[in-house]
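Following: one structure in C-alpha cells, then a few remarks.
A, B, ... follow the sequence lines: proteins, then strands. Residue 1 opens every chain. No hydrogens, no waters, no symmetry mates; every other heavy atom, side chains included, goes into these values.
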Amino acid sequence: MEYTFKEIEQKWQQYWKNNATYKVEINATKPKYYVLDMFPYPSGAGLHVGHPLGYIASDIFSRFKRLKGYNVLHPMGYDAYGLPAEQYAIQTGQHPAITTTKNIARYREQLDKIGFSYDWNREVRTCEPDYYKWTQWAFVKMFNHYYDTQLQQAKPIESLVKHFATQGTDSLQAACTEELSFTAKEWNEKTDEEQQHILLNYRIAYLADLKVNWCPALGTVLANDEVSEGVSIRGGHPVEQRIMRQWSLRISAYAQRLLDGLDTIDWSESIKETQRNWIGRSEGAEMKFPIKGQDADLLIFTTRADTTYGVTFMVLAPESEYVQQLTTAEQQQAVETYIESVKKRTERERIADRKVSGVFTGSYAINPFSQQEIPIYISDYVLAGYGTGAIMAVPAHDSRDYAFAKHFNLPIVPVIEGCDVSEESFDAKDGVMCNSGFMNGMTVKAAIETAKKYVSDNGIGRVKVNFRLRDAIFSRQRYWGEPFPVYYKNGLPYMLDESKLPLELPEIDKYLPTETGEPPLGRAKAWHTAEGYPYELNTMPGFAGSSAYFLRYMDPRNSNELVSKEANNYWQQVDLYLGGTEHATGHLIYSRFWNKFLFDLGLICKDEPFKKLVNQGMIQGRSNFVYRIKDTNTFVSYHLKDQYEVTPIHVDVNMVSNDILDIERFKAWNPEYNKAEFILEDGKYVCGWAVEKMSKSMFNVVNPDDIVEKYGADTLRLYEMFLGPLEQSKPWDTNGIDGVHRFLRKLWSLFYKDGNYIVTQDTPTTEELKTLHKTIKKITFDIENFSFNTSVSAFMICVNELAQQKCSKQAILEPLVILIAPFAPHIAEELYHALGHTTTVCDAVFPICNESYLVESTINYPISFNGKVRFTLPLEASLSKEEVEKAVLQNEQTRKFLQDKQPKKIIVVPGKIVNIVL
RNA sequence: GCUCUGGUGGUGGAAUUGGUAGACACGCAGGACUUAAAAUCCUGUGAUCAUUACGAUCGUGCGGGUUCAAGUCCCGCCCGGAGUACCA
C-alpha cells in the first residue's frame, strides 16, 4: 500500500465529520482547556499560506491537550463586519452580506482541507443578528452604567442618580468627561432633559462632541489604533481632526486596571510593554499658575514639579479653552492668524514638519514657586488631548521647550548643577538641584517628591496620575456594522429595551452617505421606532464584534444570555490565545476592557479574558525575479546578469521551483513574454529572490490549497511548523517542503513495504525503546513550549533511527503514531486504524516518557585541552570524578596531547566534559 | 528619539541550567538502481591551509571583559525587523 495522502485525508475528514469527533460539551468529569485563534476577517482574496500558521500551532496544542485528558474547547468563527466588503458594495452594488457569505464559504473550504479540530457547531459570525444581539446588549449595559473610581468598578447609573439627588456632586467618585459641580437641590430642579445631558458625562457608553480622526476618503471616523502617522491603517488615506458628536466608550476609566491586569497574565513581555505604553501612565502633579491681573489660574500637568524654578514661560495648545480667556486685545489678531494656520495643517503635516511655531497671548502667569512673571504662549507642540492642554515650560530640561525658547529668545534657567544648556537641554532625571530655593542641594529624585508635597501642602495643586489612553470612539459613519440599539427623542439618546434586541441592520438602496451627508443608514426606510422616534444612523466599529466573541463560543446558541452561568463557570476564560501582534493596541485592549466591564456586572467569572497569549510571527513572501536586458525581450539568468544592464521583474513564484524558472509557463504567463529569449546557465534559467510582504502585486502569494493538492494537508501542517520558531517572522519558501513530505513517506514505510503491512508484535530492543522514549520526552517538552519546529526534526530523527534499526514493531510504532497525531492527524488516524484500532486516535492517551530507557551506561566524554576538544573517550557513566580523571590521564591519546607537560588543572564535569588545562 | 525583537554555513534553522557550534532539513556534488528519466537509496558538504596517515588554524554582527570553558554571562558599539511617536 502506498501513502496516498489525498485518499487518506479525505477519508478521515469525512470520518471526523460523520462521527462528530470534534464536538465538545461541558463535561464536569474532565478538566477543561480553552484554545482560541483570533478569528479571521474573511477577505475576498482567501487564505494564503501565512494565515494557517497560527491555526496549525493552536490545533497541535488542542489535540495534544485532548490526548492528555483535557476537555478542549477549540472553536472558530468570523469577524464578518468590515470595510472591504462595504467598499466592494459601493463599487459593485452587491450587498456586503452576499460578499461576506461567499468569502466565508471559501475560507471554510480552505480551512477544512487542512484538517483542523474545530468544533464548527460553535461557529459565530459577528454579522448575524443572533450574535450581534449581544454586542448591542453589552452596549446598552454600558450606557446604563458609570464607573465608580473609589470602588474601581462599573455601577448602575441609578446609583449615580441617587447620589446626585441626595448629595449633588459632593464627594462624587465617578469617571467623567468633564468635572461638574452642582448641589442636590440644583440637580432636583433640573428638567429630565438637562439631567440626561449631565448623565452622558458619566455613562460608560456616552455621546459627546469629541475631536475625532475623520477620514474623508472612507467617509468615517477612526479610532486611534486605526490611524498611524496621520493616515488610515486600512487603505492609507489621510485623516484629519474634526469635532463630531460621537458615541464613545469610557475605556479610560479602566486604565489602571488594564495596566495592573497585565501583571497577572502570561503574555509576551513585548506585547505587555506595548500595552503599557499605549495606556501611558504617568505620575506627576497638577499645578495652578495664577494669571497676572485676573482672578483665575492656569492649570497644568507635569511630572517634573522639581523643575518649577526653571519655568520661564507657559504654553497652551491651540485648541485650549484658555486661549480665548488669555489672549489680550493687542495680540488678538496674531493669535487668530496662528490658530487659523494650525487648523489648516493636517495631523500628517504636523508630524512631518516639526518646525517651531507659536504666538504670544499677551498674558502673563505667576510662577508659584519663584513668584516671577512669565509669558504665556500658544503652540501646536502642546497637545490639547493630554493632561490639561497646557504646560509649564522648562527649557533647560526639556528639549521641546528648549527649541521653543531658542526660537522666541526666552530665558533658559538650569536648575540642575553642572549641566551645560548652551547647546541643548539636559533632559536626564539625575543630578543635584540648584537655583531652586528650598530644593537646592537635593537630588532630582528627592526634589520630585519634595516638590509634589510642597504643591499639595501650599494649595498650589495636587498629586495626579495621568493616562495617555483615550476613550474609544465607537461610532462609524458606515453601513456594514452593528446598528446601535438607540433612538432619539428631542435630540437625546435612549436605549431600546432589551426585549427589542437585536435591532437588525436595515436594507438600503446604495451604500453611500445621503445627499445631506448623513451616514448610509440615513437611506433606510422606516428607520425609527414604532412610536416614530428615529434610530441612530451610525454603526459600531470593527472591534465591537470581536470584543466578547470568546465568551459567546462557550454557549453560542443561547438565546437568553450572552453566556450561561454554567457554561462560563466551566470554561472560565481562554487558556491559550493565538494570534498576531498587530492587535496589541486594538482588539487586545478593547476585549480586556469589555471583559472587565462584564465582570464588574457579575456576568462572568474572570476579569481577564486571555490567560496566555502567544503571538505567531508573520509569514513574509519570498519573491522571485527575472532579469530583462534593457530595451530587449531577452532575459538573462541570475549569475550572468551583471554582464548586462538589466531590469529585475517580479515573476510568479508558482512557476519557479528551487529558483529555476519554468520557461514554458513563463512564456504563457503574459503575451508580452511569448517570444521572449533567454540566456541560460547550465541549461537553466536561475531566478533572483528577495523577502517581501506576501501580496498579489509581488506575485509571491502561495495558496495553501495548492500545497494540499500537491503534498497533502499533513505535509503542509508539518512544513509550516518546520519553517522556524512560531513567534518569529520568516519568509515562506516552498523549497524544502519535499524533505517534510519525504519524512511522512518514511514514516509510512515503517508500516508498509512493497504494499504489505509489516508491523510485528515482537518485543522491542533497548535501542528502539530509547529512540521512542527520547522522542516522547522531546515532543512533550516542545509542545508545552510552543517549539514545534524542533518537534518536527525530533520526529525525523526518530523515524530515521527506527528505519536504521529496521524497527516495525507495534510496541514502538503505536506510541509514535499517537505522538505525531497532533501534528499530522490524517496519516496518524490511518496508521492508528491499521494498527488495529477502531476508534479515533484523538481519543488515545498521549504516551509518557519512561526515563529508565534513557539512562546511558557509557558516556562519550569530549576531552578538551585548554578548552579545545581534541577527541572523545567512552567511559562508564557510573565513574566518579576522580575515576574519570584517572582514566583520562592514563589514555594514550591524552599523553600524546600532553606531551611532556604537566597539566595545571583538570576539570571533570561528570556526564558532560573533561577539560585539561596546560 | 524611545520600546521591543533579531543577527549562527549557499538557504530555513538547532544547540532546554555556560560544557563536542552547525542537529534536522533544503540546496549542491559524487555514487547505486534504470535503456533513459522521475522516484528511491547511499556518501560527502562551515571556511582556509595541508593531504601519506595523523591533521592544523580560523569561525556564531563588531570591539573589549569574566571563566578551566562563552553562540549562551557582563560592558561598549554596528546592522536588520516590528511597534510607537511632540504624552510635558
Against the side chain of Leu383(A), the closest entry in A85(B), A25(B), A88(B) is A88(B)
When Gly387(A) and Pro862(A) are each assigned the nearest nucleotide of RNA chain B, the 5'-most assignment goes to Pro862(A)
Rounded to whole Å, the CG-P distance (Leu718(A) to G12(B)) equals 21 Å
Could you check whether Ile907(A) gets within reach of a base, just the sugar-phosphate, or nothing at all, counting any heavy atom under 4.0 Å?
base
Which of these nucleotides, A88(B), G13(B), C68(B), is closest to any side-chain atom of Lys730(A)?
G13(B)
Counting side-chain heavy atoms from CB outward, which of G19(B), A88(B), A21(B) is closest to Ile391(A)?
A88(B)
Which atom pair, heavy atoms only, marks the closest approach of Asp297(A) to Tyr322(A)?
O-CE2, 3.6 Å
Atom C1', compared across U66(B) and U72(B): separation rounded to whole Å:
14 Å
Which atoms form the tightest heavy-atom contact between Ser379(A) and Pro318(A), and what is the distance?
O-CD, 3.3 Å
Heavy atoms from C-beta onward define the side chain here; which of G27(B), A88(B), A21(B) lies closest to that of Val382(A)?
A88(B)
Intra- and inter-strand pairing of RNA chain B, written as dot-bracket with Watson-Crick and G-U pairs under 3.5 Å and | for the latter, reads (((((((..(((......[....)))((((((.......))))))((((.....))))..(((((..]....))))))))))))....
Parallel, tilted or perpendicular, as decided by the 30° and 60° cut-offs, for the rings of Trp748(A) and Tyr752(A)
parallel
Rounded to the nearest angstrom, tell me the gap between atom CG in Asp733(A) and atom C1' in U11(B).
7 Å
What nucleic acid atoms does Phe722(A) come within less than 4.0 Å of, heavy atoms only: base, sugar-phosphate, or nothing?
base
Length of the CD-P vector between Glu2(A) and A39(B), whole Å
15 Å
Say we look at A25(B) and A32(B): how far apart would their P atoms be, to the nearest angstrom?
24 Å
Would you kindly compare Lys912(A) and Lys778(A) by the position of their nearest RNA chain B nucleotide and give the one closer to the 5′ end?
Lys778(A)
Measure CD1/Ile589(A) against P/U84(B) and give the value in whole Å, please.
11 Å
Distance, P atom - from A50(B) to U34(B), rounded to whole angstrom
41 Å
For U16(B), does OP1 or OP2 lie under 4.0 Å from any side-chain N or O of Asn785(A)?
no
In terms of side-chain heavy atoms of Thr790(A), which of A15(B), U3(B), C68(B) is nearest?
A15(B)
If you measure from the P atom in G10(B) to the same atom in G6(B), how many Å do you get, rounded?
23 Å
P spacing across the pair A56(B) / U5(B), given as an integer number of angstrom:
41 Å
Is any side-chain nitrogen or oxygen of Ser282(A) closer than 4.0 Å to OP1 or OP2 of A88(B)?
yes
For the pair made of CH2 in Trp278(A) and C1' in G83(B), what is the distance, rounded to whole Å?
10 Å
Whole Å only: how far is the CE atom of Met721(A) from the P atom of A14(B)?
13 Å
Applying a 4.0 Å non-hydrogen cut-off, can you work out what Asp398(A) is touching in the nucleic acid: base, sugar-phosphate, or nothing?
nothing
Looking for any heavy atom pair under 4.0 Å, which part of the strands does Pro725(A) touch: base, sugar-phosphate only, or nothing?
sugar-phosphate
Check the angle between the aromatic planes of Phe404(A) and Tyr381(A) and answer parallel, tilted or perpendicular using the 30° and 60° thresholds.
tilted
Base, sugar-phosphate or nothing for Arg276(A)? Non-hydrogen atoms, less than 4.0 Å.
nothing
On a whole-Å scale, what distance lies between the P atoms belonging to G12(B) and G81(B)?
16 Å
Is any side-chain N or O of Lys868(A) closer than 4.0 Å to OP1 or OP2 of C58(B)?
yes
Would you say a side-chain N or O of Tyr381(A) is under 4.0 Å from OP1 or OP2 of A88(B)?
no
Provide, to the nearest angstrom, the distance between the CD1 atom belonging to Ile863(A) and the P atom belonging to A69(B).
17 Å
Spell out, as yes or no, whether a donor-acceptor pair under 3.5 Å connects the side chain of Asn700(A) to the backbone of Asn624(A).
no
Against the side chain of Asn735(A), the closest entry in G19(B), C26(B), U16(B) is C26(B)
Starting the side chain at C-beta, find the nucleotide from G27(B), G19(B), A14(B) nearest to Asn789(A).
A14(B)
Counting the atoms with a prime plus P, OP1 and OP2 as sugar-phosphate, which does Ser793(A) contact under 4.0 Å by heavy atoms, base, sugar-phosphate, or nothing?
base
With a 4.0 Å cut-off on heavy atoms, is Asn800(A) in touch with a base, just the backbone sugar-phosphate, or nothing at all?
sugar-phosphate
Which listed nucleotide (U57(B), G13(B), C41(B)) is nearest to the side chain of Arg870(A)?
U57(B)
Heavy atoms only, 4.0 Å cut-off, all strands: where does Phe795(A) land among base, sugar-phosphate and nothing?
nothing
Suppose you measure atom P in G27(B) against the same atom in G76(B); what distance do you get, rounded to whole Å?
44 Å
Output the single nucleotide from C68(B), U16(B), A88(B) whose closest atom is nearest the side chain of Thr303(A).
A88(B)
Consider the side chain of Glu273(A), meaning its heavy atoms from C-beta on, and name the nucleotide among U20(B), U3(B), G13(B) that approaches it most closely.
U3(B)
Using 30° and 60° as the class boundaries, would you call the ring planes of His583(A) and His587(A) parallel, tilted or perpendicular?
perpendicular
Less than 4.0 angstrom between a side-chain N/O of Arg745(A) and OP1 or OP2 of A39(B), yes or no?
no
Is the base of G63(B) syn or anti, if syn means a glycosidic angle within 90° of 0?
anti
Rounded C1' spacing from G46(B) to G9(B) in Å
5 Å
Rounded to the nearest angstrom, tell me the gap between atom NZ in Lys905(A) and atom C1' in G19(B).
15 Å
Scan Val909(A) against the nucleic acid and name what it touches under 4.0 Å (heavy atoms): base, sugar-phosphate only, or nothing.
base
Take Leu718(A) and Phe743(A) through the side chain to side chain contact (heavy atoms under 4.5 Å, CB included) test and state the conclusion after the steps.
CA-CA 10 Å; Leu718(A) 284 174; Phe743(A) 154 74; 3.8 Å; yes
How close do Phe5(A) and Lys710(A) get, heavy atom to heavy atom, and via which atoms?
CZ-O, 3.2 Å
Compare every heavy atom of Ile265(A) with every heavy atom of Lys272(A), then report the nearest pair and how far apart it is.
NZ-O, 2.9 Å
Under a 3.5 Å threshold, yes or no: a donor from one side chain and an acceptor from the other, between Ser282(A) and Asn466(A)?
no
Are the side chain of Arg470(A) and the backbone of Gly385(A) linked by a donor-acceptor contact shorter than 3.5 Å?
yes
